Amino acid sequence: MARVIYVNGVYAPYADAGVHAEDRGFQFADGVYEVCEVRDGCLVDERRHMARLQRSLSELRMAEPMDLRSLGVILRETVRRNRVKNGMVYLQITRGVSRRDFAFPPADVAPSVVCFAHSLSREKGSKRAAAGISVITLPDIRWTRVDIKTTGLLAQSLARQQAKDAGADEAWMVDKDGFVTEGASCNAWIVTGAGKLVTRPAESGILRGITREVAMEAARAKGLRFEERPFTVEEAKSASEAFQTSASGLVMPVVRIDGHVIGSGMPGDIALELRKTYHNVAEISSPHELLA
Ligand code: PDD
């Protein structure tokens with residue numbers, strides 16, 4: 001079965017699909033996106049992801065290309081046509097195609113919409129979580145509107161490559177005061193020696209991760225204590241646990257930071273417990289029931 005990608009109203013094999021060379025996403029990274037987990041063919045936390053998408057569009061004064069129901073149809077149809085059972089679905093919206101100009105194009109320029117879906121092995125994810133991953137830390141060199149989920153990801157791409165070059169799995173970025181902001185494509189967490197979860201407040205310097213929000217709910221449901229406050233690299237290194245959250249990696253234990261072993265060197269109990277119970281708290285969409 002050939003994989004297909006949705007581009008502006010058409011589901012086409014990848015070889016036949018394309019976007020215009022003057023798409024503002026291509027020239028200015030003038031676009032926003034969402035990544036939703038797909039589990040047993042269903043979307044996870046669609047409502048929250050679509051709410052964040054609407055916020056991203058509104059913060060950039062970009063029009064919504066269609067209503068949430070229609071976007072929901074595209075997400076489901078892309079998952080179905082690619083027979084993705086477990087994995088992710090990616091939705092990107094840009095300000096559309098127009099002669100290159102830094103200012104916005106005329107209001108009648110239609111946004112571009114692209115959607116694709118990938119399978120990801122649940123088994124591989126579980127194995128990775130059972131071993132734990134390693135991260136490096138490096139300066140956060142991004143712009144200040146990282147709360148908007150834009151396709152302007154060059155700093156994160158450079159960071160991830162630097163991690164890879166160092167033999168690590170992810171890069172955690174650090175602000176000018178020495179506090180961890182977030183990972184290249186995830187939110188960062190630690191557990192203190194007293195068993196308290198700590199993660200940076202979403203109000204400053206990070207993307208408000210959906211997995212972060214749901215993990216907080218899961219922690220609350222378990223009666224775990226958590227605190228939203230910045231933490232330094234030093235505090236992270238001496239924490240009893242560290243982990244990160246994202247729609248593609250879920251709750252992923254971190255066992256090394258800059259080569260320094262965290263806790264016992266094995267994934268922490270709290271991180272593993274949150275990973276295990278995550279989907280009891282997450283919202284699983286039905287393939288047929290669309291958002292109102
Ligand atoms: N990344 N922070 C950044 C910078 C991210 O790119 C992401 C997600 C997150 C976690 O957000 P969420 O829990 O909503 O996935 C935090 C996605 C998965 C990506 O770019 O592939």
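Atoms within a ligand are numbered from 1 in the order they appear, just like the ligands themselves. Values in this document were obtained by computation on a predicted structure and should not be read as measured data. Heavy-atom basis, side chains included; hydrogens, waters and symmetry copies ignored.
The option from Cys186, Ala184, Gly183, Gly209 that lies nearest to atom 16 (C) of ligand 1, judged by heavy atoms, is Cys186. Counting heavy atoms only, Ile210 comes closest to atom 14 (O) of ligand 1 of the residues Thr211, Ile210, Thr245, Thr151.
Polar contact check, His49 against ligand 1: no nitrogen or oxygen pair lies under 3.5 Å apart. At a 3.5 angstrom cut-off on N or O pairs, Arg52 counts as close to ligand 1.
Assignment of Arg48 to the shell around ligand 1 is not supported, since no heavy atom sits closer than 4.0 Å. Remark: distances from the non-hydrogen atoms of Met88 to ligand 1 are all 4.0 Å or more.
Heavy-atom neighbours of Asp269 CG from other residues, nucleotides or ligands within 6.0 Å: at or below the threshold of 12.
In this structure, Phe102 and Phe28 have perpendicular ring planes: the angle between them is above 60°, well past the 30° mark.
The single protein non-hydrogen atom nearest to atom 2 (N) of ligand 1 is Glu182 OE1, 2.6 Å, given as residue, atom name and distance. Nearest protein neighbour of atom 21 (O) of ligand 1, counting heavy atoms only, is Val35 CG2, 3.7 Å.
A ring pair (Phe, Tyr, Trp, His ring centres under 6.0 Å) with Phe243 holds for exactly one of Trp189, Trp172, Tyr278; it is Trp189.
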(request) With ring-ring contact (aromatic ring centres under 6.0 Å, His included) as the test, would you mind laying out the steps for Tyr90 and Tyr33 before giving the verdict? (result) CA-CA 7 Å; Tyr90 175 101; Tyr33 74 106; 5.4 Å; yes
(message) Evaluate Arg52 against Glu34 for salt bridge (Lys or Arg N to Asp or Glu O under 4.0 Å), listing each step before the verdict.
(response) CA-CA 8 Å; Arg52 186 173 64 187; Glu34 281 297 328; 2.7 Å; yes
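Counting heavy atoms from C-beta outward, His118 and Val84 have side chains that stay 4.5 Å or more apart.
Under a 4.0 Å criterion applied to the non-hydrogen atoms of Ser248, ligand 1 contributes the atoms 18 (C).
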